[in-house]
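Comments concern the structure below.
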Amino acid sequence: MSKSRKPVPAPLPEPEVVDIQELKAAIAAGEYDLVCVLGPTASGKTRYAVALARALGGEIISADSRQVYRGMDIGTGKDLEEYGDVPYHLIDIADAGEQYNVHRFQEDFSAAWADIRSRGRVPVLCGGTGLYISAVTAGYDFETKRPLSDESRSDSQVCAANPALPGKVFFIGTLVEREERNRRIDARLDERLASGMVEEMRTLLASGVPAATLISYGLEYKFVTQYVLGELEFAQMRTLLATAIHQFAKRQMTWFRGMERSGVKIHWVEV
RNA sequence: GGUGCUGUAGCUCAGCUGGUAGAGCAAUGGACUGAAAAUCCAUGUGUCACUGGUUCAACUCCCGUCAGCACCA
């Protein structure tokens, strides 16, 4: 009847080695006006991006739809101390309970990107929210509801279409093998649970953030809040949450593969 | 030692009076642009514990074996 193509696990991308000095020279020569570090959760992208930014004389622009909220620290894994002396942007820019979105991100990114460049520094976009990354690197026009360019970043169409967004982007992806990724997710979850994540939910709830809003933020905010509300047992919450984060990481990879399929070149590195 | 129950997809389990098997969860692939850590779509060949028997045909009936559980000794 029909060819039932059964889903085969996507092969792991071929790891590459990115020569930082070479990249630095290319940026100086105007070949790129943004470096983007992306990857699934728990792949080590923040650590990598910070080291990269330091080597390039850059500043980080976070592309994380949840780290924008103040007071949501443990559950989003902000790890602000990891940045050290490297400046970061778009973290803690909205109140918990507020409704941030892609459109605001595009505007905020644009301002941060222009600001960093105006000071002669290198902007490094880093995060795991694929939608946000695509909205500013592939470009998207919220007026016409259409992509600014459906081609790869091999020309300057986007630049011409919207000078407020970068035209040429160098993408680096942090690579982790599936099993290892899940192991890290589980270990990190236990660490967060042990370091006050439940307390964080109670504090947010006490500060007036509605439970329904917190739950709508998903993952840790969803399951831990349900636990605090007594809707889930602790062990049950832990199991469901771990599974949900594994699924989330898979969805992130699906988005990145989609970017590659549409022509974006991502240099995957092992960290 | 005896009796009873159970043994089916990674997990929990359905499979009426026999016609080689399905649901949920998980997993995998995909979609996605003003909530995206959200939302949605697609995909199920497994020695039906093992052996023998009855039958045109057994996961489904019968004998036995093994394993787990419960109860009685």
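Just so it is clear, the values below take in all heavy atoms, side chains as well, and ignore hydrogens, waters and symmetry mates. Here the structure is a predicted model, which means the values were calculated and not measured. Residue numbers start from 1 in every chain, and the chains themselves are labelled A, B, ... in the order their sequence lines are given, proteins ahead of strands.
- With both ends at atom P, the span from U47(B) to C11(B) equals 11 Å, rounded to whole Å.
- Rounded to an integer number of Å, the gap from CG of Asn182(A) to C1' of U28(B) is 12 Å.
- Leu240(A) places its CG atom 9 Å from the P atom of A26(B), with the value rounded to the nearest Å.
- Taking the six-membered ring for Trp and the full ring otherwise, the centers of Tyr132(A) and Phe109(A) sit at least 6.0 Å from each other.
- Separating the NZ atom of Lys250(A) from the C1' atom of A31(B) is a distance of 11 Å, rounded to the nearest angstrom.
- For the pair Arg146(A) CZ and C32(B) C1', the computed distance is 18 Å after rounding to whole Å.
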Working for side-chain hydrogen bond (donor to acceptor under 3.5 Å, both in side chains), residues Glu260(A) and Trp268(A): CA-CA 11 Å; Glu260(A) 293 182 302; Trp268(A) 293 97; 2.9 Å; yes
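- Look at CD on Glu179(A): it is 12 Å from P on A27(B), rounded to the nearest Å.
- Listed pair Arg257(A) / C32(B) fails the phosphate criterion, with no side-chain N or O lying under 4.0 Å from OP1 or OP2.
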Heavy-atom protein contacts under 4.0 Å, nucleotides 33-38 of chain B, coded B base, S sugar-phosphate only, - none: BBBBBS
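- In this model, a donor atom of one side chain and an acceptor atom of the other lie less than 3.5 Å apart for Asp186(A) and His246(A).
- Atom name C1', nucleotides G46(B) and G22(B): the rounded distance is 11 Å, in whole Å.
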side-chain hydrogen bond (donor to acceptor under 3.5 Å, both in side chains) between Arg181(A) and Thr41(A), worked out: CA-CA 8 Å; Arg181(A) 186 178 73 205; Thr41(A) 188; over 6 Å; no
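- A distance of 9.0 Å separates OG of Ser62(A) from NZ of Lys45(A), quoted to the nearest 0.5 Å.
- Between C50(B) and A67(B), the distance separating the two P atoms is 15 Å to the nearest Å.
- Just one residue in the list Leu80(A), Thr46(A), Ile61(A) forms a side chain to side chain contact (heavy atoms under 4.5 Å, CB included) with Tyr88(A), and that residue is Leu80(A).
- The number of heavy-atom neighbours closer than 6.0 Å to CD of Glu81(A), taken from other residues, nucleotides and ligands shown, is above 12.
- For the P atoms, the distance linking G68(B) with A38(B) amounts to 43 Å, nearest Å.
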Would you write the dot-bracket representation of RNA chain B, where each base gets (, ), [, ], | or . depending on whether it forms a Watson-Crick or G-U pair under 3.5 Å and with which partner? (((((((..((((........)))).(((((.......))))).....((.((.......)).))))))))).
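- Arg47(A) and Thr174(A) are not linked by any side-chain donor-acceptor pair at a separation below 3.5 angstrom, with hydrogens and angles left out of the test.
- Using cut-offs of 30° and 60° on the angle between ring planes, the pair His267(A) and Phe170(A) is parallel.
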